[in-house]
Engineer: 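There's a structure below that I have some questions on.
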Amino acid sequence: MKFFVDTAEIDDIAELNALGMVDGVTTNPSLIMKSGRDILEVTREICALIDGPVSAEVVALNAEDMIAEGRKLAQIADNIAVKVPLTWDGLKTCKTLTAEGIMVNVTLCFSANQALLAAKAGATFISPFVGRLDDINVDGMELIAEIRQIYDNYGFDTQILVASIRSVEHVTQSALIGADVATIPPAVIRKLAGHVLTDKGLEGFMKDWAKTGQKIL
Ligand code: E4P
């Protein structure tokens with residue numbers, strides 16, 4: 001499963017990329033707002049840092065303007081994936097930009113039928129939001145399993161990009177189900193390395209090592 005980083009913070013992206021943890025990046029208008037950066041400027045910097053797809057989201061609500069915004073975002077770099085919402089206009093935009101050879105990430109997906117439409121419109125990525133479904137007491141991971149089955153049933157190439165990940169369990173479940181990509185906030189990526197028994201084991205080793213009075217360096 002590929003790891004995308006769900007942030008517009010350059011320092012986090014650079015640090016995780018140096019560890020080989022970054023196969024791509026996703027941003028959205030809220031993440032751009034949090035970064036306090038200009039969308040074109042920060043997206044250009046991210047694209048220069050990362051080889052994989054970098055999602056940048058349109059903000060227009062009608063297809064004509066979404067297409068114009070998408071074309072402008074796609075000019076930033078070859079690895080831009082234009083992010084469009086899962087609305088009828090977003091699907092029209094997806095179809096048009098895909099035909100022009102631009103990668104498209106269809107976002108704000110909350111049902112299997114929406115994912116089916118995005119695949120038929122030629123989306124490169126579909127972004128189902130698991131955390132926001134959990135927030136309304138619907139099991140977000142069940143949606144990922146449904147989409148996986150539907151895409152496999154018909155051989156759709158659209159990659160399942162699990163979004164709105166809030167926990168390490170979301171990451172494990174995404175990998176078990178066979179999602180293509182998980183886009184993960186930096187804090188959750190760091191948490192993946194943690195285990196209570198790792199901490200406890202290390203503490204024990206350090207205590208015993210101190211008793212030997214030895215040094216390696
Ligand atoms: C990424 O593509 C999505 O925009 C993001 O994962 C949404 O996450 P949130 O529901 O935590 O805002």
Side-chain angles (χ1 to χ4, degrees), residues 1-10 12-13 16-17 21-37 39 42-43 46-47 49-50 52-61 66 69-70 73-74 76 79-87 90-91 93-94 97 102-111 114-115 117-119 121 123-144 147 158-175 177 179-192:
M1 184 172 71
K2 289 177 212 150
F3 273 18
F4 287 4
V5 190
D6 199 21
T7 187
E9 303 296 334
I10 288 283
D12 283 326
I13 295 167
L16 293 166
N17 189 43
M21 300 295 172
V22 183
D23 300 306
V25 172
T26 53
T27 65
N28 64 34
S30 304
L31 293 172
I32 295 293
M33 184 270 294
K34 272 188 210 154
S35 76
R37 300 283 313 276
I39 181 171
V42 75
T43 306
I46 298 171
C47 288
L49 206 59
I50 301 297
V54 174
S55 290
E57 189 159 342
V58 300
V59 289
L61 297 176
M66 275 189 205
E69 287 181 356
L73 292 170
I76 294 174
N79 54 337
I80 283 285
V82 174
K83 216 171 169 191
V84 302
L86 211 155
T87 58
L91 292 170
T93 305
C94 175
L97 296 181
I102 297 170
M103 289 187 283
V104 177
N105 175 358
V106 180
T107 190
L108 289 167
C109 170
F110 294 96
S111 78
Q114 287 182 316
L117 290 177
T124 315
F125 301 103
I126 181 70
S127 289
F129 277 38
V130 293
R132 293 193 195 188
L133 281 170
D134 291 351
D135 288 346
I136 57 159
N137 290 321
V138 175
D139 184 354
M141 296 317 302
E142 259 179 38
L143 173 61
I144 304 304
I147 300 173
T158 301
Q159 296 181 46
I160 302 173
L161 192 172
V162 182
S164 190
I165 283 183
R166 306 268 170 81
S167 66
V168 294
E169 287 76 22
H170 279 149
V171 179
T172 314
Q173 289 304 315
S174 299
I177 290 167
D180 301 284
V181 189
T183 189
I184 319 173
V188 177
I189 295 188
R190 292 189 186 102
K191 268 194 199 156
L192 292 173

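Please read these numbers as outputs of a predicted model, since none were measured by experiment. When a ligand or atom number is given, it counts from 1 through the structure's own listing order.
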Engineer: Can you tell me which residue and heavy atom of the protein come closest to atom 11 (O) of ligand 1, and the distance to 0.1 Å?
Structural biologist: Arg166 NE, 3.4 Å

Engineer: Among protein heavy atoms, which sits nearest to atom 12 (O) of ligand 1, and what does the distance come to when rounded to 0.1 Å?
Structural biologist: Arg132 NH2, 2.8 Å

Engineer: Quick test: of every protein heavy atom, which one is nearest to atom 8 (O) of ligand 1, and how far off is it to 0.1 Å?
Structural biologist: Ser164 CA, 3.4 Å

Engineer: Is Asn28 close to ligand 1, meaning an N/O of one under 3.5 Å from an N/O of the other?
Structural biologist: yes

Engineer: Can you tell if the side chain of Leu108 reaches within under 4.5 Å of the side chain of Arg132, non-hydrogen atoms only?
Structural biologist: yes

Engineer: Flag the pair Ile13 / Leu49 as yes when at least one side-chain heavy-atom distance between them is below 4.5 Å, and no otherwise.
Structural biologist: yes

Engineer: Any N or O of Asp6 that comes nearer than 3.5 Å to an N or O of ligand 1?
Structural biologist: yes

Engineer: Are Thr107 and Asn28 side-chain neighbours, meaning at least one heavy-atom pair lies under 4.5 Å?
Structural biologist: no

Engineer: Ligand 1 and Thr107, any nitrogen or oxygen pair closer than 3.5 angstrom?
Structural biologist: no

Engineer: Could you check whether any side-chain heavy atom of Asp23 comes within less than 4.5 Å of a side-chain heavy atom of Phe4, counting everything from C-beta outward?
Structural biologist: yes

Engineer: In the protein, which heavy atom is nearest to atom 3 (C) of ligand 1, and how far is it?
Structural biologist: Phe129 CZ, 3.5 Å

Engineer: Please lay out, stage by stage, how Ser55 and Asn105 fare under the test side chain to side chain donor-acceptor pair (under 3.5 Å).
Structural biologist: CA-CA 7 Å; Ser55 290; Asn105 175 358; 3.1 Å; yes

Engineer: Any side-chain heavy-atom pair from Val171 and Met1 closer than 4.5 angstrom?
Structural biologist: yes

Engineer: Backbone or side chain, does any N or O of Lys83 fall under 3.5 Å from an N or O of ligand 1?
Structural biologist: yes

